[in-house]
Amino acid sequence: MLDLVILSLHFFICFLISIVIWYGPKDVDLHSSTTGTVEMEPDGLILIGKEDDIKRSQRVTAKVDGREVVVFYHEGKFHAMDSRCYHEGGPLRLGEIEDINGQTCIVCPWHKYKITLETGEGLYEAINPLEPSPTPQWKSKGVKQRIHKVTIDNGNVYVSPPDFSVSFDSDYFADKYKNNGDLAMEK
């Protein structure tokens, strides 16, 4: 009987932990700071923050036209892209930056998809089975992630608003996360 009580208590504690995880904070950000509001400049650029602050934190997220955008500072350059991965909406702001075949990439923390910071291309490793000794080579899937132009002026970092005349795979998840930053659960 005591075993049954202990087992029941164990399951109850596990249930409580799952409830806390389910309703707890999503995507805890250990790498970056988040700006609250952004300001639109007369020339259409959107102020993200101070250059020195972003250099210090190395990444920052902000809302640009209702979309969550992440701005990275890496090896002396600023890069901006939609913050949700084109594949399944993973939080790119939490990803690691890697050099892949001479290209600086963000690695999505959910499924390890690699996206170039410069162009938004998705990269994958492929082999040519027709080669005598096939070795993996990095190939492009094409541009999948929306990139935003970054401008530095008087110590401030600005992002250009997105050009919606061209669509990208990341637009789907940017729209899904647009309202409150959390993907609505669809059942």
Side-chain angles (χ1 to χ4, degrees), residues 27 29 31-35 37-41 43-126 138-179 181 183:
D27 300 333
D29 188 353
H31 293 291
S32 67
S33 60
T34 303
T35 58
T37 59
V38 293
E39 300 172 24
M40 177 79 80
E41 297 293 312
D43 55 3
L45 296 177
I46 299 160
L47 175 65
I48 301 300
K50 295 287 184 193
E51 181 179 8
D52 290 338
D53 293 340
I54 298 172
K55 283 180 177 178
R56 224 178 346 273
S57 69
Q58 304 213 337
R59 56 186 78 183
V60 65
T61 56
K63 291 283 187 177
V64 174
D65 283 355
R67 304 165 80 87
E68 188 178 90
V69 171
V70 59
V71 178
F72 296 100
Y73 178 75
H74 183 73
E75 295 183 351
K77 294 175 93 177
F78 287 92
H79 307 276
M81 64 176 45
D82 285 351
S83 72
R84 295 295 174 164
C85 180
Y86 71 90
H87 171 241
E88 286 289 331
L92 295 178
R93 62 190 167 81
L94 299 178
E96 297 296 324
I97 295 177
E98 290 183 10
D99 180 70
I100 297 174
N101 208 27
Q103 298 183 78
T104 305
C105 297
I106 187 72
V107 179
C108 180
W110 284 3
H111 302 110
K112 307 306 179 211
Y113 274 56
K114 285 128 177 84
I115 304 164
T116 64
L117 291 180
E118 197 73 35
T119 63
E121 289 177 86
L123 299 182
Y124 69 100
E125 268 189 307
W138 286 102
K139 302 287 185 181
S140 173
K141 297 177 186 178
V143 177
K144 301 290 188 176
Q145 195 75 23
R146 183 177 293 278
I147 299 297
H148 301 269
K149 183 177 181 243
V150 178
T151 304
I152 311 299
D153 186 34
N154 290 329
N156 292 319
V157 177
Y158 299 90
V159 171
S160 298
D163 173 12
F164 292 117
S165 67
V166 179
S167 64
F168 297 96
D169 291 2
S170 66
D171 291 340
Y172 175 79
F173 288 102
D175 289 340
K176 284 283 191 181
Y177 283 88
K178 200 171 186 175
N179 295 332
L183 184 62

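No hydrogens, no waters, no symmetry mates; every other heavy atom, side chains included, goes into these values.
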Residues which pass salt bridge (charged side-chain N to carboxylate O under 4.0 Å, His left out) with E118, listed by chain and number, not counting sequence neighbours: K77
Once you round to the nearest 0.5 Å, how far does CZ of R67 lie from NZ of K178? 6.5 Å
Residues that S160 engages under side chain to side chain donor-acceptor pair (under 3.5 Å), provided they are two or more places apart: none
Hey, is the main chain of A80 close enough, under 3.5 Å, to the side chain of K149 for a donor-acceptor pair? no
Flag, side chain of K112 to backbone of W110, donor-acceptor distance under 3.5 Å: no
Side chain to side chain donor-acceptor pair (under 3.5 Å) partners of Q103, counting only residues at least two apart: none
Please, which pairs that meet salt bridge (Lys or Arg N to Asp or Glu O under 4.0 Å) have at least one residue in residues 138-147, sequence neighbours excluded? K144-D169, R146-D171
R59 vs I97, side-chain contact (heavy atoms from CB on, under 4.5 Å): CA-CA, chis, key distance, verdict: CA-CA 11 Å; R59 56 186 78 183; I97 295 177; 3.8 Å; yes
Restricting to non-hydrogen atoms, name the atom on V64 and the atom on P161 that form the minimum distance, rounded to 0.1 Å. CG1-CA, 4.3 Å
In Å, rounded to the nearest 0.5 Å, how long is the span from OG1 of T61 to CG of L92? 11.5 Å
Hey, does I106 have a side-chain heavy atom less than 4.5 Å from the side chain of H79? no
Short side-chain to backbone donor-acceptor contact, S83 and R93, under 3.5 Å: no
Kindly give the heavy-atom pair with the smallest separation between C108 and G90, and that separation in Å. SG-CA, 3.8 Å
Applying salt bridge (charged side-chain N to carboxylate O under 4.0 Å, His left out) to E98 and not counting sequence neighbours gives none
Main-chain N/O of E68 paired to R84 side chain as donor or acceptor, under 3.5 Å: no
Sequence neighbours left out, what passes ring pair (Phe, Tyr, Trp, His ring centres under 6.0 Å) with Y113? Give chain and number order. Y86, H87
Going by the rule ring pair (Phe, Tyr, Trp, His ring centres under 6.0 Å), which residues pair with F78 if we only count those two or more places apart in sequence or in a different chain? Y73
Residue list, side chain to side chain contact (heavy atoms under 4.5 Å, CB included) with I147, at least two apart or on another chain: M81
So, taking the atom named OH in Y172 and the one named CD in E88, what distance separates them when rounded to the nearest 0.5 Å? 8.5 Å
Side chain to side chain contact (heavy atoms under 4.5 Å, CB included) partner of C105, the single match among L123, I115, L117: L123
Taking side chain to side chain donor-acceptor pair (under 3.5 Å) as the definition, give me every residue that meets it alongside E51, ordered by chain and number, with sequence neighbours left out. K55
Taken in chain and number order and not counting sequence neighbours, the residues that satisfy side chain to side chain contact (heavy atoms under 4.5 Å, CB included) with N156 are L47, K50, Y158
Pair F173-D82, side-chain contact (heavy atoms from CB on, under 4.5 Å): steps then yes or no: CA-CA 9 Å; F173 288 102; D82 285 351; over 6 Å; no
With sequence neighbours left out, what residues match S165 under side chain to side chain donor-acceptor pair (under 3.5 Å)? D163
Does the side chain of V150 come within less than 4.5 Å of I48's, by heavy atoms? no
